[in-house]
Number of protein chains: 2
Amino acid sequence: MADRVYEAIRREILDGRLAAGEKITEAVLAERFDASRTPVRSAIVRLAGDGFVEMTPRSGTVVKRRTPAEVSEIYEVRALLESAAAGLAAGRCDERDLDELKAIQSEMEAATTGPWQAEEEVVERISALNQAFHQKILEASRNATLADSAARLMNIGFLINTYARFSHPEIERSLFEHRQLIAALTSRDPAWAEAVMRAHILGARNSLAAAS
Amino acid sequence: MADRVYEAIRREILDGRLAAGEKITEAVLAERFDASRTPVRSAIVRLAGDGFVEMTPRSGTVVKRRTPAEVSEIYEVRALLESAAAGLAAGRCDERDLDELKAIQSEMEAATTGPWQAEEEVVERISALNQAFHQKILEASRNATLADSAARLMNIGFLINTYARFSHPEIERSLFEHRQLIAALTSRDPAWAEAVMRAHILGARNSLAAAS
DNA sequence: AGTCTTGTTTTTGTATCCAATGGGGCTCGG
DNA sequence: CCGAGCCCCATTGGATACAAAAACAAGACT
């Protein structure tokens, strides 16, 4: 059950319960998850490979810090990869893909127009749906290598201030661009899909840069 | 010394001493490298993260097989990432970068024109220099995220038949394209550099596809 | 008073041990 | 002769024990 520990730590990092720069001690996590240090170590090695934490030999592990410049870089590479994926998806997606995208989109719209009860919960839901939307397009590109490369960056990206990113205007913009993306995919227009995706991600980068 | 084991296994895979599809048993590797199973396990987890091996829970680990389609995918994504890197590098590289690239190029030319003694050794040397060349351009892009994403794919790519790829005509073509790349970078022409790099990598993909 | 040094303590990294599961081989039946 | 089912063993995954190294703290010296 090293997988369980891996997922748990990952979630703690993504949720911000383990803050960037925070020191990670194996024994602490082992006790928290009621396991021995062995699976915790394994999980940490995997997380280091995924770029979530940084292991320095004999010294310890910390949750990786990212400078604003690095965050920009991540979004730029994402723009490159995901726009290519969107272009491919426009030529390769089938009706089922489009239906699923539309379903996700509907859920996102419902989540925003619904009663704004617990702000944080809504934001978390939006974030999850947003991730699913992008993942779906990567999948529709029918290029697993491309999808993996992009997904890796997406995951890292999502740990960067999940909350600050989704202010109300941001959500509106995101919904709008997602609609355009669906339109581009529906009309099988690779160039359009590519351009919209690039604009979408670089726009997100920009508002993130403005916030930091 | 898990790092040592990691590097050792990695080298065995890259050199083909551990063939694709081959089963990996921790105890065997532990004995071979004169270590316990613990660091071997750690190394295997890292290798799985890098996409070199595939761990199936409770069952075992095998060196990952790649279909020709996957290989093509890898080269296509490499083309995408590395051409972008070359474009950035054209705008950002300094004299030192160019000098180092030229030095690598000289060594490659020397290695090919020199006495063709042990064919295999020469090919191995060319391969290492080629990798260094591409790595250098990634570095010159001044985008660590882009460089990492591309380097990951490059490493996987190099495990795919290091030998078959470098027949004589291939080497000649590679040298020629590298010269063009240096020319494009020297004249600070991003569009040219990008195009040459894309052509270079897609060309390699093509001859690899033809060989398989 | 500040800094270097030294001793202690926490924590990492490795080795060994144990349980549980999957695969291979053997046997039995058709 | 071939296939299905069962049993044993090899191998993985986890826990614990131990050694070594680094961080921290306290004290002495300049």
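Chain identifiers are assigned alphabetically (A, B, ...) following the order of the sequence lines, protein sequences preceding nucleic acid strands; residue numbering begins at 1 within each chain.
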* Do we see a donor-acceptor contact under 3.5 Å between the side chains of A/Glu109 and A/Gln105? -> yes
* What pair of heavy atoms forms the shortest contact from A/Leu138 to A/Ala151, and how long is it? ->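 Here A/Leu138 and A/Ala151 meet closest at CD1-N, 4.0 Å.
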* **Base of C/dA15 paired with side chain of B/Thr38 (donor-acceptor, under 3.5 Å)** =>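 Checked by distance alone, the answer is yes.
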* Asked: Would you call the rings of A/His178 and A/Phe133 parallel, tilted or perpendicular, where under 30° means parallel and over 60° means perpendicular?
  -> parallel
Nucleotide [N], atom [atom2] - distance to [atom1] of [X] in whole Å:
X: B/Ile44; N: D/dT11; atom1: CD1; atom2: C1'; answer: 11 Å
X: B/Arg37; N: C/dT16; atom1: CZ; atom2: C1'; answer: 10 Å
X: B/Met55; N: D/dT11; atom1: CE; atom2: C1'; answer: 12 Å
X: A/Lys23; N: D/dC24; atom1: NZ; atom2: C1'; answer: 12 Å
X: B/Asp34; N: C/dA15; atom1: CG; atom2: C1'; answer: 12 Å
X: A/Arg58; N: D/dA22; atom1: CZ; atom2: P; answer: 7 Å
X: B/Glu31; N: C/dA15; atom1: CD; atom2: C1'; answer: 15 Å
X: B/Leu29; N: D/dT11; atom1: CG; atom2: P; answer: 12 Å

* Between D/dA15, C/dG13, C/dT16, which nucleotide has the shortest distance from any of its atoms to the side chain of A/Ser36? -> D/dA15
* Looking only at side-chain atoms of A/Pro57, point me to the closest of C/dG22, C/dG13, D/dG13. => C/dG13
* **Any A/Arg41 side-chain N or O less than 4.0 Å from OP1/OP2 of C/dG13** => yes
* **Residue-phosphate contact under 4.0 Å: A/Ser59 side-chain N/O, C/dT11 OP1/OP2** => no
* Asked: Would you call B/Glu139-B/Lys136 a salt bridge at under 4.0 Å N-O?
  ->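 Looking at B/Glu139 and B/Lys136, the cut-off is met.
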* Find which nucleotide of DNA chain D each of B/Gly60 and A/Pro39 is nearest to by heavy atoms, and output the residue with the more 5' nucleotide. =>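 Nearest-nucleotide comparison on DNA chain D picks B/Gly60.
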* What nucleic acid atoms does B/Ile24 come within less than 4.0 Å of, heavy atoms only: base, sugar-phosphate, or nothing? -> sugar-phosphate
* To do: Identify the residue among A/Val53, A/Ile24, A/Val63 that makes a side-chain contact (heavy atoms from CB on, under 4.5 Å) with A/Leu47.
  =>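 When side-chain contact (heavy atoms from CB on, under 4.5 Å) is applied between A/Leu47 and each of A/Val53, A/Ile24, A/Val63, only A/Val53 qualifies.
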